[in-house]
Amino acid sequence: MPRTPMMEQYFAFKEQYPGHILFFRLGDFYEMFYDDAKLVSRELELTLTGKDCGEEERAPMCGVPYHAAENYLARLVSRGYKVAVCEQMEDPALAKGLVKRDIVRIVTPGTVAEGQLLTEKENNYLASVCVGETGAALCFADVSTGDLSATLAEGDFSSRIINEIGIYTPKELLINSPLSADRQLQEYLSLRPECLITEVPDLFDEEKAAALVAKYVSPPPEDGSPLLTRAIGALLAYLEETQRTELRFGKKLELYRSDQYLSIDANTRRSLEITETMRGREKRGSLIWVLDRTKTSAGARLLRKWLEFPLVDCNRIASRQRLVGAFYDDFMLREEIGGLLKGVLDLERLMTKVNYGTSSAKDLRGIANTLALLPKIRLLLTSSQNDELFALGEKIDTLEDVCEMIDLAIVDDPPFLLREGGIIRAGYSEEVDRLNAILTGGEDFKSELEAKERAATGIKNLKIGYNRVFGYYIEVSKSNLSEVPDTYIRKQTLVNGERFITKELKELESTILGAKEKVCSLEYDLFQKLRQSVSDQAPRIQKSADALSLVDVYLSLADVASRYGYVCPEVDYGDEISVKEGRHPVVERFVKDGGFVPNDTLLDAGHNRLMIITGPNMAGKSTYMRQVALIALMAQIGSFVPAKEARIGLLDKIFTRVGASDDLASGQSTFMLEMNEVAFILKNATRRSLILYDEIGRGTSTFDGMSIARAVAEYTLSPKIGAKTLFATHYHELTALEEQNEGAVNYNIAAKKKGDDVIFLRKIVRGKADDSYGIEVAGLAGVPRPVIRRAKEVLAALIAEAEAASPRQKVEKPQVSLDDFREKDVLEKIRNTDPDLLTPMEALELLHKLKKTLD
Ligand code: ADP
């Protein structure tokens, strides 16, 4: 049997948009058919029905009412589906034959411009990656805010791609070559199922890409690398296709290089819990949770950007610090501006709707209400004695003209719908006023006519009414029907009476209804013109929006600094990180009654390069190490820091290698992953980097692990890297490094034994820990007493055995003992020494040292 023509139409669209769910408008519903219907009915728990489509079997079908479509669309897209919306392009009642239809909108996770799908305080990015022979280019865009940025990745570009994706966390990713070509990237993305990946090599065509870049990007990217052009062009092509209109970007293309920012790889970002916690991936418990006291969504997004791209330029950092400081010093100003900012709406996203012609009168009203706050905020800033605040205020264009333009046109509380009138304020348009007068006059006219007819007919209870079917009518009750004049035309019989019309009544009706229709369409036209005029002012509005976001972020950082007792760090290009009474910004929020114990830190490029930190589990080693990294990071975004005093020599990169980050999903063994991370660090760290090693080599045999830990520590200390390093370890043997290597220093986090318990002092002190207190900590953790008792017996026996036996004879190959290490060290030193260059004194000293090592 042949398909019906409508189904032919359906399949034609379906073919044009493979990989999309097709929302096919049919009367008051969007219908889905076949596999789409099955999938959507399952995902959205809708009833699956069938439709006779001319084929032998009924086609599976399900539908959603058109007026509730947004909600269903949002749910599908948030689950990673793409939807093509197919509309009826003519009124089915008037259409001859098959109703004309067309795709009017494509909704995908990374291209959402407005509505329920967006998270207020976060950007919604679409990404494209163009991989070439020797490098890759990445481009990111958020249509809802008009952000557009791009960067080139050279060298080890897989890691760079992973890092950038880790920063932007795009909802959708376009790629030019198969993912399978890059195992590392494929594995990483398999852990991010929320990112929808599409391989679209066609979009990356260089010529087409160049044309799109020329059309939308001004000024065009300077270096003109073809990879870059292709990445940007592919992204623009995809956006054009989904938005189905000319694109508008509120901001300039931002081209950046990785060395313009403090680089923090995806792994480190996760373990430092900068924007979300490691376990629950929640904001609560992350650094941004502490720092974000912004009042506006755009401010919150800017702060997030600062945290994702910390600076490496002292001047820029100092300029941020001065503004944070200025707000910090002026509590009243903070209160006043903070109060005003609470009324500021998301101008960036509202303007996107204006630019794409999708905003309602309510949106314009919202813009006007926000603009109305600008003069007050500007005045508060420019009245300040502080030069920085004054300059910041000057950045705000008060936009009174735009505000007034909207204010004069739109009523205070406009309706949601645009085509039903009621939008335009009285006095704005003579014609609108005239028509509205007819409409209100119509009511008076109706009562006048009613009185006139009552008098003429003598029917006291004669009424004029209105309904949608007959329009205006005259209603007469049964008892008075005999009084009805011949000029009345009967329209309807009711139980208690009858309804009539007259010529005069119908004339009244056409005047009133005509006026209604005219005023609605006139108001709509005026509204569209106004929307266009506002759109023409977009660059000015964006400028003020940017300034407001800055104010919001500075204010937030100042607020946090004052609330939690932070200080302004000294930031320089020196080699030292020196912190007095530093605290962990997040952990201290969870420790009750100010019980957090502050600790000092000293790291430099000389004698204090490597801190080897020992101490029992739960002592606070991880907390301490992260605190050092977070303080440096905060300093480099321009924030104050939780300490009494801090001096931060700028870092170029931060690395962490933290235990227990088992990524079971990726199918790699923990040990293998750990070694991957170590390899990455050793390849990429520099003298200006900060490395946190939280246990290394625990996933293999003790001697293997210990050997690796030691070798990694030595390599990190060596001139090849020479990074500032914190190394927490249970291998007490590592503490021997302090004597053998001038850059290593032993620290431990103090704990005391008290009976069977340990007491954690949380204080970091010089020297190695005397004990691991492992058994005591197990006891604290609730391991049953008999087990603890037995563990102590076993430990005592082991120690006795070890003391009784000569370890060198006992230990068999292939395992190595610590003595082997020591002997190797000694041999190495002798080999590296040229006796002819030593004075007798030095030779004697060396001999003493070697002997000491062996002992
Ligand atoms: P470790 O890495 O040594 O096993 P953690 O750093 O995980 O220990 O610290 C364990 C717990 O101790 C933390 O969750 C925190 O509650 C507490 N803690 C750590 N450092 C401090 C401190 N300086 N002051 C107060 N409590 C702390």
Side-chain angles (χ1 to χ4, degrees), residues 268 270-274 277-280 282 284-287 289-290 564-566 579-602 611-632 634 641-646 656-662 670 674 690-699 705 709 725-732 734-735 746-754 757-783:
T268 301
R270 229 164 63 91
S271 75
L272 289 181
E273 307 191 302
I274 299 173
T277 58
M278 222 151 121
R279 282 223 182 124
E282 286 161 11
R284 186 186 146 82
S286 67
L287 179 62
W289 169 74
V290 175
Y564 302 139
Y566 294 176
V579 179
K580 290 262 167 335
E581 300 190 15
R583 287 134 33 213
H584 189 297
V586 182
V587 175
E588 79 162 336
R589 301 268 57 81
F590 288 103
V591 176
K592 281 193 209 87
D593 308 327
F596 191 90
V597 180
N599 274 307
D600 298 348
T601 306
L602 176 63
M611 291 174 79
I612 297 170
I613 307 170
T614 45
N617 275 323
M618 285 301 289
K621 300 186 296 295
S622 310
T623 307
Y624 176 75
M625 296 204 300
R626 289 186 160 97
Q627 144 186 335
V628 176
L630 290 176
I631 287 176
M634 288 167 74
V641 299
K644 202 171 160 202
E645 232 179 271
T656 59
R657 159 52 229 157
V658 173
S661 70
D662 305 36
T670 315
E674 180 183 329
L690 174 69
I691 305 177
L692 315 184
Y693 293 123
D694 197 348
E695 299 288 354
I696 284 188
R698 303 265 281 171
T725 308
L726 301 165
F727 198 143
T729 183
H730 280 288
Y731 296 133
H732 284 240
L734 278 192
T735 54
N746 288 330
Y747 285 89
N748 74 92
I749 303 209
K752 272 198 319 205
K753 239 180 203 172
K754 191 174 172 203
D757 282 345
V758 261
I759 298 173
F760 297 121
L761 304 176
R762 312 279 183 219
K763 223 30 191 175
I764 190 148
V765 290
R766 284 276 285 137
K768 56 191 181 188
D770 50 357
D771 192 339
S772 275
Y773 304 98
I775 298 177
E776 286 75 9
V777 174
L780 280 181
V783 173

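Whatever order the structure lists them in is the order used to number ligands and atoms, beginning at 1.
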Say whether [X], considering both its backbone and side-chain N or O atoms, lies within less than 3.5 Å of an N or O atom on ligand 1.
| X | value |
| --- | --- |
| Val597 | yes |
| Asn617 | no |
| Asp694 | no |
| Tyr624 | no |

Identify the closest protein heavy atom to [atom]: which residue and atom is it, and at what distance?
| atom | answer |
| --- | --- |
| atom 22 (C) of ligand 1 | Phe596 CE1, 3.5 Å |
| atom 16 (O) of ligand 1 | Val587 CG1, 4.3 Å |
| atom 4 (O) of ligand 1 | Met618 N, 2.6 Å |
| atom 2 (O) of ligand 1 | Ser622 OG, 2.6 Å |
| atom 26 (N) of ligand 1 | Arg762 NE, 3.4 Å |

Checklist entry - Hey, is Pro616 touching ligand 1 through its side chain, its backbone, both or neither, going by heavy atoms under 4.0 Å? => result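 It is the backbone that gets close, since no side chain atom is under 4.0 Å.
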Next on the checklist: Can a side-chain donor-acceptor contact be found between Thr656 and Ser271 if the only test is distance below 3.5 angstrom?
Outcome noted: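 Note: Ser271 and Thr656 side chains meet the donor-acceptor criterion.
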Checklist entry - Are a donor atom and an acceptor atom from the side chains of Asn748 and Thr614 found within less than 3.5 Å of each other? => result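 The answer is no; no qualifying pair exists.
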Checklist entry - Is it the case that Arg762 places NZ or CZ above or below the six-membered ring of Phe596, under 6.0 angstrom from the centre and within 45 degrees of the axis? => result no
Item to check | Closest heavy-atom pair and its distance - Leu692, Ala629 | outcome: CD1-CB, 3.9 Å
Next on the checklist: Minimum heavy-atom separation for Val641 and Ile631, please, with both atom names.
Outcome noted: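 Scanning both residues completely, I find the closest heavy atoms to be CG1-O, 3.6 Å.
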Checklist entry - Does Arg766 CZ have over 12 foreign heavy atoms under 6.0 Å away? => result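 For Arg766, atom CZ is crowded (more than 12 foreign heavy atoms under 6.0 Å).
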Checklist entry - Any chance NZ of Lys644 has more than 12 other-residue heavy atoms, nucleotides or ligands included, within less than 6.0 Å? => result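 At most 12 heavy atoms, drawn from other residues, nucleotides or ligands, come within 6.0 Å of this atom.
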Checklist entry - Can you check whether Arg583's main-chain N or O pairs, donor with acceptor, with Glu588's side chain at less than 3.5 Å? => result no
Checklist entry - Less than 4.0 Å between atom 18 (N) of ligand 1 and some protein heavy atom, yes or no? => result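 Within 4.0 Å: yes, protein heavy atom nearby.
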Next on the checklist: Taking 4.0 angstrom as the limit and counting only heavy atoms of Gly595, give me the atoms of ligand 1 inside it, by number and element.
Outcome noted: 25 (C)
Item to check | Residue Gly620 vicinity, atoms of ligand 1 by number, heavy atom under 4.0 Å | outcome: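 In order of number, 1 (P), 3 (O), 5 (P), 6 (O), 8 (O), 9 (O), 19 (C), 20 (N).
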Checklist entry - Should one rank Thr623, Ile613, Asn599 by closest heavy-atom distance to atom 9 (O) of ligand 1, which comes out on top? => result Thr623
Next on the checklist: Please report the interatomic distance OH(Tyr693) to CD1(Ile612), rounded to the nearest 0.5 Å.
Outcome noted: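 Here the rounded value is 12.0 Å.
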Next on the checklist: With rounding to the nearest 0.5 angstrom, report the CD to CD distance, Glu581 to Glu645.
Outcome noted: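 Spacing of CD (Glu581) from CD (Glu645) equals 9.0 Å.
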Checklist entry - So, does Gly615 sit close enough to ligand 1 that a heavy atom of it is under 4.0 Å from the ligand? => result no
